[in-house]
K.L.:
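Dropping a structure here in structure tokens format, bear with me for questions.
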Amino acid sequence: MPDPITPRSQIVHNLRQLWLRSRERGECMKLAHYTCQKCGKKQSKKKGFEQKVEVHHKEGIENWDILVDEIRHFLLTTPDKLECLCPDCHDRL
């Protein structure tokens with residue numbers, strides 16, 4: 001039987017995927033015209049001239065451990081803090 005606790009690596013991986021597909025990240029890229037705001041290099045997929053730009057958190061993400069712990073505490077909590085409900089009963093809560 002698999003371990004009932006979601007590994008930290010899986011949580012971090014899924015948060016990264018959420019970030020990479022987020023509207024906020026996309027809007028930042030769009031507003032910057034897909035151009036590095038430090039040196040002016042523009043993103044390109046042209047063969048031989050590939051250039052990526054990334055989105056950086058100015059305030060940083062200081063502690064992934066705290067973020068993962070909060071997700072575990074509130075969302076991926078232990079089964080004793082969860083219950084199975086039909087959609088009708090769940091909607092009533």
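For the numbers below, each heavy atom of this structure counts, side chains included, while hydrogens, waters and symmetry mates do not.
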K.L.:
Are the side chain of Lys42 and the backbone N or O of Gln51 linked by a donor-acceptor pair below 3.5 Å?
P.N.:
no
K.L.:
Got Arg8 and Asp65 here, is their nearest side-chain heavy-atom distance under 4.5 Å?
P.N.:
yes
K.L.:
Quick check: closest heavy atoms across Thr35 and His33, and the distance to 0.1 Å?
P.N.:
OG1-O, 2.8 Å
K.L.:
Hydrophobic clusters here meaning ILVMFWY residues chained together by side-chain heavy-atom distances under 4.5 Å, can you tell me if Val68 and Trp19 are in one?
P.N.:
no
K.L.:
With rounding to the nearest 0.5 angstrom, report the CG to CD distance, Leu76 to Gln10.
P.N.:
9.0 Å
K.L.:
Can you measure from NZ (Lys38) to SG (Cys36) and round to the nearest 0.5 angstrom?
P.N.:
8.0 Å
K.L.:
For the pair Glu50 (side chain) and Gly48 (backbone), establish whether a donor and an acceptor sit closer than 3.5 Å, ignoring hydrogens and angles.
P.N.:
yes
K.L.:
With a 3.5 Å distance limit and no angle check, can you tell me whether Ser9 reaches the backbone of Pro7 through a side-chain donor-acceptor pair?
P.N.:
no
K.L.:
So with a 6.0 Å cut-off around CD of Glu70, is the heavy-atom count from everything else above 12?
P.N.:
yes
K.L.:
Distance check, rounded to the nearest 0.5 Å: Asp88 atom CG versus Leu85 atom CG?
P.N.:
10.5 Å
K.L.:
Nearest heavy-atom pair of Arg25 and Leu20: which atoms, and what distance?
P.N.:
NH1-O, 3.3 Å
K.L.:
As an exercise, state the distance from CD of Gln37 to NZ of Lys58, rounded to the nearest 0.5 Å.
P.N.:
6.5 Å
K.L.:
Considering only heavy atoms from C-beta outward, does the side chain of Val55 approach that of Met29 to under 4.5 Å?
P.N.:
yes
K.L.:
I'd like to know if the side chain of Arg72 and the backbone of Thr6 have a donor-acceptor N/O pair within less than 3.5 Å.
P.N.:
yes
K.L.:
Using side-chain contact (heavy atoms from CB on, under 4.5 Å) as the criterion, point out the one residue from Ile61, Ile66, Leu67 that pairs with Asn63.
P.N.:
Ile66
K.L.:
Give the minimum heavy-atom separation between Trp64 and Val12, together with the two atoms involved.
P.N.:
CE3-CG2, 4.2 Å
K.L.:
Flag the pair Asp69 / His73 as yes when at least one side-chain heavy-atom distance between them is below 4.5 Å, and no otherwise.
P.N.:
no
K.L.:
Would you check if Glu27 and Glu24 make a side-chain contact, meaning some heavy-atom pair closer than 4.5 Å?
P.N.:
no
K.L.:
Is Leu18 close to Asn14 at the side-chain level, that is, under 4.5 Å between some pair of heavy atoms?
P.N.:
no
K.L.:
State the CD-SG distance between Glu54 and Cys28, to the nearest 0.5 angstrom.
P.N.:
11.5 Å
